[in-house]
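Reviewing the structure listed below.
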Amino acid sequence: MKRSILIIEDEKNISNLIKFLLINKGYSVNQEYNGFTGLINAKQSSPSLIILDVMMPKFNGFQVAKELKQNIITNKIPILMLSSAAHDKHKELGLSIGVDEFITKPFDKNHLLDKVNELIKWYLQKKTI
């Protein structure tokens, strides 16, 4: 069974790059380009992982993460947050909301893939307990 990943990222070039990397590693990938539709998709599809940008239209990544972590359907799904802002306060806020990993853009593709693999493995172990 393919593991599904939802990318919520308003920059289509970045979203498509991440999608390409993940599909080449055997993942199934869905994309949303704003926080509002991302929330709807996450609740409907229950992916194995969500890759979430911080700065987006409609709802920002912090609002989306908070909503996902407060929802019984989505609160166990790991979230890897991406941000072009390298501020510690962004990372601290994300982690305090329940974000599992935080990566600064521009990112190293191998580092991103390593974190995705770790989070998927962690999610699957947690799901079987």
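Scope of the values below: all heavy atoms of this structure, side chains included, with no hydrogens, waters or symmetry mates.
At most 12 heavy atoms of other shown residues, nucleotides or ligands fall within 6.0 angstrom of atom NZ in Lys58. Atom CG of Asn13 sits in a sparse spot, with 12 or fewer heavy atoms from other residues, nucleotides or ligands closer than 6.0 Å.
Phe36 places a side-chain heavy atom less than 4.5 Å from the side chain of Ile40. The closest side-chain heavy-atom distance from Thr74 to Leu39 is not below 4.5 Å. Counting heavy atoms from C-beta on, the side chains of Ile18 and Leu82 come closer than 4.5 Å. By the 4.5 Å heavy-atom criterion applied to side chains, Leu22 and Leu113 are counted as neighbours. Considering only heavy atoms from C-beta on, Lys105 comes within 4.5 Å of Asp53 through its side chain. In this structure, the side chains of Leu49 and Arg3 stay at 4.5 Å or more apart for every pair of heavy atoms. Using a 4.5 Å heavy-atom threshold, the side chains of Phe107 and Ile14 count as touching. The closest side-chain heavy-atom distance from Ile103 to Ile51 is not below 4.5 Å.
Taking CE of Met81 as the reference point, atom CG of Leu52 lies at 4.0 Å (rounded to 0.5 Å). Once rounded to the nearest 0.5 Å, the distance linking CD of Glu32 with OG1 of Thr37 reads 4.0 Å. The distance from the CZ atom of Phe59 to the NZ atom of Lys66 is 12.5 Å, given to the nearest 0.5 Å. The CG atom of Leu93 lies 7.5 Å from the NE2 atom of His90; values are rounded to the nearest 0.5 Å.
The two residues Tyr123 and Pro47 make their nearest non-hydrogen contact at OH-O, 4.1 Å. Across Ile77 and Ser46, no two heavy atoms sit closer than the pair CD1-CA, 4.0 Å. Taking all atoms of both residues into account, the shortest heavy-atom contact from Ala65 to Val99 is CB-CG2, 3.9 Å. Shown here for Ala42 and Leu68, the closest heavy-atom pair between the two residues is CB-CD2, 3.6 Å. Pairing each heavy atom of Phe62 with each of Val54, the nearest pair is CE1-CG1, 3.5 Å. Summarising the geometry of Gly38 relative to Ile8, their closest heavy-atom pair is CA-CD1, 3.6 Å, with the distance given to 0.1 Å.
By the rule that hydrophobic residues join a cluster once side-chain heavy atoms approach within less than 4.5 Å of another member, Ile5 and Leu124 end up as members of one cluster. Both Ile23 and Ile120 are part of a single hydrophobic cluster, where members link through side-chain heavy atoms under 4.5 Å apart. Using a 4.5 Å cut-off between side-chain heavy atoms of Ile, Leu, Val, Met, Phe, Trp and Tyr, with links allowed through other members, Leu95 and Leu119 fall into different hydrophobic clusters.
Ion pairing between a basic and an acidic side chain is recognised when a charged N comes within 4.0 Å of a carboxylate O; Glu118 and Lys115 show such pairing. Salt bridge absent: Lys19 and Glu9 never bring a charged side-chain N and a carboxylate O closer than 4.0 Å. A salt bridge links Lys69 with Asp100: the closest approach of a Lys/Arg side-chain nitrogen to an acidic carboxylate oxygen falls below 4.0 angstrom.
Side-chain atoms of Ser15 never come within 3.5 Å of backbone atoms of Lys12 as a donor-acceptor pair (strictly under, hydrogens ignored). Of the possible polar contacts, one joining the Gln63 side chain to the Asn60 backbone as a donor-acceptor pair under 3.5 Å is found.
Between the side chains of Gln31 and Asn16, at least one donor-acceptor pair of N or O atoms lies under 3.5 Å.
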